Amino acid sequence: MSDVVNTPETIPALQLRGVTKTYKQGEPGEIAVLKGVDLTIQPGEIVALVAPSGAGKSTLLHIAGLLDGADAGQVSICGEDMQGRSDRKRTRVRRDQLGFVYQFHHLLPEFTALENIVLPLLANGVPKPEAEARALSLLDSVGVKPRADHRPAAMSGGEQQRVAFCRAMANEPRVLLADEPTGNLDPATSDRVFDALVRLVRETGLCALIATHNLELAQRMDRRVALEDGHLRAL
Ligand code: ADP
C-alpha cells in the first residue's frame with residue numbers, strides 16, 4: 001500500500017470536523033444543536049442528510065455553506081479550512097465553490113428562467129453570450145429549455161425548481177447544498193425533479209449534501225447520514 005498523498009482526488013470537497021453550535025434562547029437559556037459533527041464528502045458523492053424537523057439540518061447546512069459560523073470545529077471546502085477566515089474570503093468561496101438550493105426556489109419573479117441563471121454568471125464576470133449559452137445548456141439538461149423565456153409565475157413548481165438547480169450550478173460550484181429541494185412538490189413531480197438534480201450533479205462531478213425527509217429519495221443517493229441529538233451517524 002502506498003502512502004496516502006493529497007492528490008486532488010483525495011481532497012474532500014466538503015469536510016466538517018467536531019463542529020458545534022449552541023443557540024442562546026430565553027429560558028432555559030441555551031440549546032446545543034450540533035455537539036461535534038463530523039462529515040467528509042468526496043467529489044462526486046451525493047449524500048442524504050436525514051433528520052426530523054428541528055434536529056438542526058438547516059443549522060448544519062448554513063454552517064457548511066459558510067452562511068453562519070460554528071462555535072468550534074473545522075469546516076473545510078476543497079481542503080481549505082474556512083473557520084475564522086475573513087468575511088471577504090468566505091464570501092468569495094461561497095460565490096465560487098458553493099451552490100445552494102432551497103425548498104422554495106427564490107427565483108427573481110421579474111426575470112425569465114434564462115435571466116435568472118445568467119445573472120449570477122454576469123456577476124462573476126462571464127461575458128453575456130457565453131453566460132447565455134451555458135444557461136441554455138443547463139436548462140436543456142433538466143428538460144426546461146422550452147421555458148427559457150418564461151417568468152417563474154408562468155412555470156409549474158417542478159419547472160421553477162429545476163431552474164433553481166440550474167442557477168445553483170451556473171458558476172460550476174464544487175459543493176451543492178440543498179435543503180428539502182423537492183419538499184413542496186407532489187410525489188410524482190418530486191421524483192422527476194430529483195432525477196434531474198442527480199443527473200446534473202453526476203454530469204458536473206460536484207458533491208452534494210441534500211437534506212430530505214423523504215426516505216425513498218434518500219435511498220437513491222450514494223449514502224445517508226442522520227442527524228440525531230447533535231451528532232451525525234451513518235444510516
Ligand atoms: P431543522 O432545519 O432540522 O428543522 P434548525 O436548524 O432550523 O432545524 O433548528 C434547530 C434548532 O435550533 C431548533 O430548536 C431551532 O428553534 C433552533 N434555532 C435555529 N436557529 C436559531 C437561532 N437563530 N436562534 C435561536 N435558536 C435557533
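The model shown is predicted, which means the values in this text are computed figures rather than measured ones. Atoms considered below: every heavy atom in the structure, side chains included; atoms not considered: hydrogens, waters and symmetry mates. As the structure lists them, so they are numbered: ligands from 1, and atoms in each ligand from 1. Along the sequence shown, residues are numbered consecutively beginning with 1.
Judged by the shortest distance from any of its heavy atoms, A51 lies outside the 4.0 Å radius around the atoms of ligand 1. Heavy-atom separations between A211 and ligand 1 are all 4.0 Å or longer.
Every N/O-N/O distance between K24 and ligand 1 stays at or above 3.5 Å. Annotation: G54 places an N or O atom under 3.5 Å from an N or O atom of ligand 1; distance criterion only. Geometrically, ligand 1 and G56 share a nitrogen or oxygen pair separated by less than 3.5 Å.
Each of the following atoms of ligand 1 lies closer than 4.0 Å to a heavy atom of I31: 14 (O). Taking a cut-off of under 4.0 Å to the non-hydrogen atoms of P52, the atoms of ligand 1 that pass are 3 (O). Interface atoms of ligand 1 facing V33, defined by a heavy-atom separation under 4.0 Å, are 10 (C), 11 (C), 12 (O). For ligand 1 and S53, the ligand atoms under 4.0 Å from any heavy atom of the residue are 4 (O). Near K57, meaning under 4.0 Å from any of its heavy atoms, are these atoms of ligand 1: 1 (P), 2 (O), 3 (O), 6 (O), 8 (O). The S58 neighbourhood of ligand 1 comprises atoms 1 (P), 2 (O), 6 (O), 7 (O), with distances under 4.0 Å to a heavy atom of that residue.
The pair D195-R220 meets the salt-bridge criterion, since a charged nitrogen lies less than 4.0 angstrom from a carboxylate oxygen. Contact check on K57 versus D179 returns no salt bridge, with no Lys/Arg side-chain nitrogen under 4.0 Å from an Asp/Glu carboxylate oxygen.
For the 3.5 Å distance criterion, the side chains of N171 and R95 fail to qualify, holding no donor opposite an acceptor. Residues T189 and D186 have side chains that bring a donor and an acceptor to within less than 3.5 angstrom of each other.
In this structure, the protein non-hydrogen atom closest to atom 24 (N) of ligand 1 is Y23 CD2, 3.6 Å. Of the protein's non-hydrogen atoms, the one nearest atom 6 (O) of ligand 1 is T59 OG1, 2.6 Å. Closest protein heavy atom to atom 15 (C) of ligand 1: Q25 NE2, 4.4 Å.
Atoms CG and CG, on L136 and L114 in that order, are 5.0 Å from each other to the nearest 0.5 Å. Here the CZ-OG1 distance, from R151 to T112, works out to 8.0 Å after rounding to the nearest 0.5 Å. Of the inter-residue distances, the one linking E45 atom CD with L209 atom CG reads 10.5 Å to the nearest 0.5 angstrom.
Ring geometry for Y102 versus H106: interplanar angle over 60°, hence perpendicular rather than tilted (30 to 60°).
Shown here is R17, whose CZ atom has no more than 12 heavy atoms of other residues, nucleotides or ligands within 6.0 Å.
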